[in-house]
Engineer: 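Input: one structure, supplied below.
Hydrogens, waters and symmetry mates play no part in the numbers below; they use all other heavy atoms, side chains included.
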Amino acid sequence: MSPDPSQQIADVAVIGGGIVGLSAALELQSRGKTVIIIDPDDERRRASYGNAGVLSRGSILPVAGPGIWNSLWRYMRNADPAVRLRYTSLPALSSWLSRFLRAANERSLRRSAAALNPLVQAAFDRHVALGEIAGTIPLIHRDGWLRLYRTDSSLAGIALERELLAQHSVETKLLSGNAIYELEPFLARRYAHGLLFTQTASIQTPGEVVRRFAHAFLARGGAFLKGSAVDLRQTATGVELRAGDRTVRASHAVVSAGAWSSGLLCDLGYRIPMAAERGYHAHYRLEQGASLGRAINDTSAGFVIAPMNGEVRVLTGVELCRPDDPPRPRQLDLAVSEAARTLPLGQASGPIWSGNRPSTPDSLPVIGMAPRHDRIALAFGHGHIGFSTGPVTGEIVARLICREQQTIPIAAFDAARFS
């Protein structure tokens with residue numbers, strides 16, 4: 001009897017072709033597994049396409065913290081450039097918002113930082129390990145990451161954050177006054193202090209990293225199925241899902257579909273509170289002779305400027321919305337206006353981008369086997385650190401499916417915390 005052409009069969013079906021899904025696929029291939037990736041195949045839709053390219057050793061602090069309360073009224077009025085609320089989306093985000101506010105305290109902050117630190121600490125080495133396979137090592141530069149503060153009081157306001165960074169051996173160097181401009185001479189003199197994260201690396205073409213991971217996956221015998229996965233279920237012998245007119249059966253599945261992951265899991269009975277932290281970016285050439293040596297974050301105006309192959313990428317803060325809400329680039333207009341006062345921006349280059357950072361209320365990703373489905377691995381919800389921690393998450397997933405001992409603790413990332 002000939003096989004049904006509507007079926008695709010593999011050891012593992014990975015749902016999502018961003019950096020998390022691709023990293024899991026490459027790690028599984030290294031362990032002898034056949035893998036198929038199901039993805040809509042729109043690279044600009046992925047958060048791993050539009051980020052700042054920073055592999056930050058210091059990204060161990062959750063978004064929710066005690067400092068939120070001082071800014072909450074500004075956030076609610078959309079008066080802070082770092083955060084905008086899509087009011088029509090708030091009913092759908094009510095569960096996320098209530099849990100987020102409950103996590104905005106020092107105890108939760110310390111607990112989340114302790115959980116994230118081993119994951120973030122391992123991220124650079126795993127980028128290098130997969131870079132050996134995908135040929136991305138020449139793209140990685142260890143040039144640091146600079147957070148900028150306009151006033152003495154804004155620096156004083158992060159005393160707890162600096163304490164936690166030091167506690168977890170995150171190296172920083174405080175720059176004040178002229179020291180900032182000796183490092184970055186083309187910045188406008190509007191900053192009193194800077195915090196340089198010296199262990200941080202960056203990649204000036206994050207989209208190229210994802211493309212090279214995909215090419216390596218295909219070269220090692222992997223398969224892509226274009227489409228959106230639906231009707232995921234566990235069977236007596238594995239998993240089954242549909243993508244378009246095709247049925248995919250595999251021994252295991254990996255859910256790594258970013259901000260769309262929680263919707264896919266609803267039919268399995270999981271209610272994981274997620275928000276799309278919408279981000280926007282635009283590219284600009286710099287005025288002749290100007291340059292930027294590393295990514296910078298203006299903490300007062302809530303924007304990032306990152307060097308990108310002779311240009312710069314201006315990135316916004318957060319717009320809380322649903323993943324399929326249409327873009328509203330007003331926040332980007334504000335970011336570009338402030339960025340132009342910081343660095344001599346020249347002509348715009350290329351289209352505006354918008355994408356969704358998949359966010360959980362406690363800023364901890366969801367990584368582990370699904371609590372009631374032992375054939376389905378979960379790997380999503382990385383918020384702002386998905387590009388950085390995608391490769392280490394991929395290794396964790398491969399170890400889960402292949403029943404290998406984990407090298408870092410992952411209990412804090414279990415989806416059961418939302419039960």
Side-chain angles (χ1 to χ4, degrees), residues 19-20 23-24 27 51-68 99-100 103-130 140 142 144-147 157-174 195-203 277 295 297 299 357-368 378-400 404-418:
I19 196 164
V20 174
S23 297
E27 292 282 1
N51 60 89
V54 175
L55 310 182
S56 175
R57 174 65 183 92
S59 294
I60 65 170
L61 302 172
V63 177
I68 288 289
R99 288 176 178 267
F100 176 84
N105 59 75
E106 183 175 337
R107 181 183 176 188
S108 294
L109 177 74
R110 290 183 179 276
R111 184 169 59 240
S112 291
L116 284 171
N117 185 58
L119 184 76
V120 173
Q121 189 175 30
F124 179 81
D125 287 345
R126 294 315 304 169
H127 260 279
V128 171
L130 289 189
I140 303 173
R142 204 127 200 194
W145 154 252
L146 183 60
R147 298 189 69 188
I158 64 161
L160 176 58
E161 295 181 18
R162 293 180 67 189
E163 176 200 325
L164 286 169
L165 292 171
Q167 177 185 327
H168 292 293
S169 301
V170 178
E171 295 178 6
T172 62
K173 182 179 180 181
L174 181 62
L195 201 62
L196 179 65
F197 291 78
T198 57
Q199 298 163 301
T200 289
S202 68
I203 294 173
E277 292 191 18
N297 170 212
T299 58
R357 308 176 188 101
S359 171
T360 62
D362 55 11
S363 296
L364 301 182
V366 177
I367 308 175
L378 310 180
F380 58 88
H382 293 73
H384 296 253
I385 62 171
F387 182 74
S388 180
T389 60
V392 66
T393 301
E395 184 190 31
I396 292 169
V397 166
R399 287 178 177 275
L400 284 168
E404 299 173 10
Q405 184 175 354
Q406 296 293 339
T407 58
I408 64 173
I410 62 170
F413 308 141
D414 198 314
R417 70 187 191 271
F418 297 121

Engineer: Run the salt-bridge test on E106 and R111 with the 4.0 Å N-O cut-off and return the result as yes or no.
Structural biologist: no
Engineer: If you look only at distance, which donor and acceptor atoms sit under 3.5 Å apart when one is on a side chain in residues 120-127 and the other is two or more places apart or in another chain?
Structural biologist:
from	atom 1	to	atom 2	distance (Å)
R126	NH2	E27	OE2	2.5
H127	NE2	F387	O	2.9
H127	NE2	S388	O	3.3

Engineer: OG of S169 to CD of Q199: how many Å apart, nearest 0.5 Å?
Structural biologist: 8.0 Å
Engineer: In Å and rounded to the nearest 0.5 Å, what is the CD1 to CD1 distance from I410 to I367?
Structural biologist: 7.0 Å
Engineer: Could you grab the distance from atom OG of S23 to atom CG of L130, nearest 0.5 Å is fine?
Structural biologist: 5.0 Å
Engineer: Can you name the nearest heavy-atom pair linking G386 to I19, along with the distance?
Structural biologist: O-CG2, 3.5 Å
Engineer: Quick check for you: to the nearest 0.5 Å, what is the distance between L195 atom CG and L165 atom CG?
Structural biologist: 7.0 Å
Engineer: For T172 and L196, what are the C-alpha separation, side-chain angles and deciding distance, and is it a side-chain contact (heavy atoms from CB on, under 4.5 Å)?
Structural biologist: CA-CA 5 Å; T172 62; L196 179 65; over 6 Å; no
Engineer: Between W145 and S56, which heavy-atom pair has the shortest distance, and what is it?
Structural biologist: CD1-OG, 4.1 Å
Engineer: Report the distance from atom CG of L364 to atom OG of S112, rounding to the nearest 0.5 Å.
Structural biologist: 4.0 Å
Engineer: Under a 4.5 Å cut-off applied to non-hydrogen side-chain atoms, are N105 and P66 in contact?
Structural biologist: no
Engineer: Looking at every heavy atom in both P118 and A114, which two are closest together, and how far apart are they?
Structural biologist: CD-O, 3.2 Å
Engineer: Between V170 and G58, what is the shortest heavy-atom contact and its length?
Structural biologist: CG1-CA, 3.7 Å
Engineer: Strictly distance-based, threshold 3.5 Å: is any side-chain N or O of E171 a donor or acceptor partner for the main-chain N or O of F197?
Structural biologist: no
Engineer: Using a 4.5 Å cut-off on heavy atoms from C-beta on, say whether the side chain of R110 contacts that of L160.
Structural biologist: yes
Engineer: So R57 and N117, do their side chains get closer than 4.5 Å, heavy atoms only?
Structural biologist: yes
Engineer: Which heavy atom of V397 sits nearest to which heavy atom of A379, and what is that distance?
Structural biologist: CG2-CB, 3.7 Å
Engineer: Would you say that L55 contacts S202 through its side chain, given a criterion of any heavy-atom pair below 4.5 Å between the two side chains?
Structural biologist: no
Engineer: Checking side-chain contact (heavy atoms from CB on, under 4.5 Å) for the pair F418/T360: CA distance, chi angles, key distance, verdict?
Structural biologist: CA-CA 10 Å; F418 297 121; T360 62; 4.2 Å; yes
Engineer: Take V392 and L119 through the test side-chain contact (heavy atoms from CB on, under 4.5 Å) and record every step on the way to the result.
Structural biologist: CA-CA 7 Å; V392 66; L119 184 76; 3.6 Å; yes
Engineer: Let's go through I385 and I60 carefully: what are the C-alpha distance in whole Å and the side-chain angles of both, what is the deciding distance for side-chain contact (heavy atoms from CB on, under 4.5 Å) to 0.1 Å, and is it a yes or a no?
Structural biologist: CA-CA 9 Å; I385 62 171; I60 65 170; over 6 Å; no
Engineer: Give, for atom NE2 of H168 and atom CD of E163, the distance between the pair rounded to the nearest 0.5 Å.
Structural biologist: 9.5 Å
Engineer: Do you know the tightest heavy-atom contact between A104 and G65?
Structural biologist: CB-O, 3.5 Å
Engineer: Quick one, T200 and R142 - any side-chain contact, counting heavy atoms below 4.5 Å?
Structural biologist: no
Engineer: Using atom types as modelled and distance alone, determine if a side-chain donor or acceptor of R417 lies under 3.5 Å from a backbone N or O of D414.
Structural biologist: yes
Engineer: With a 4.5 Å limit on heavy-atom distance, are the side chains of L61 and L164 in contact?
Structural biologist: yes
Engineer: Only counting residues at least two apart or in another chain, list the ones meeting side-chain contact (heavy atoms from CB on, under 4.5 Å) with A415.
Structural biologist: I272, V366, P371, L378
Engineer: What pairs with R399 under salt bridge (Lys or Arg N to Asp or Glu O under 4.0 Å), at least two apart in sequence or on another chain?
Structural biologist: E395, E404
Engineer: Where the side chain of T393 meets the backbone of V20, is there a donor-acceptor pair that is under 3.5 Å apart?
Structural biologist: no
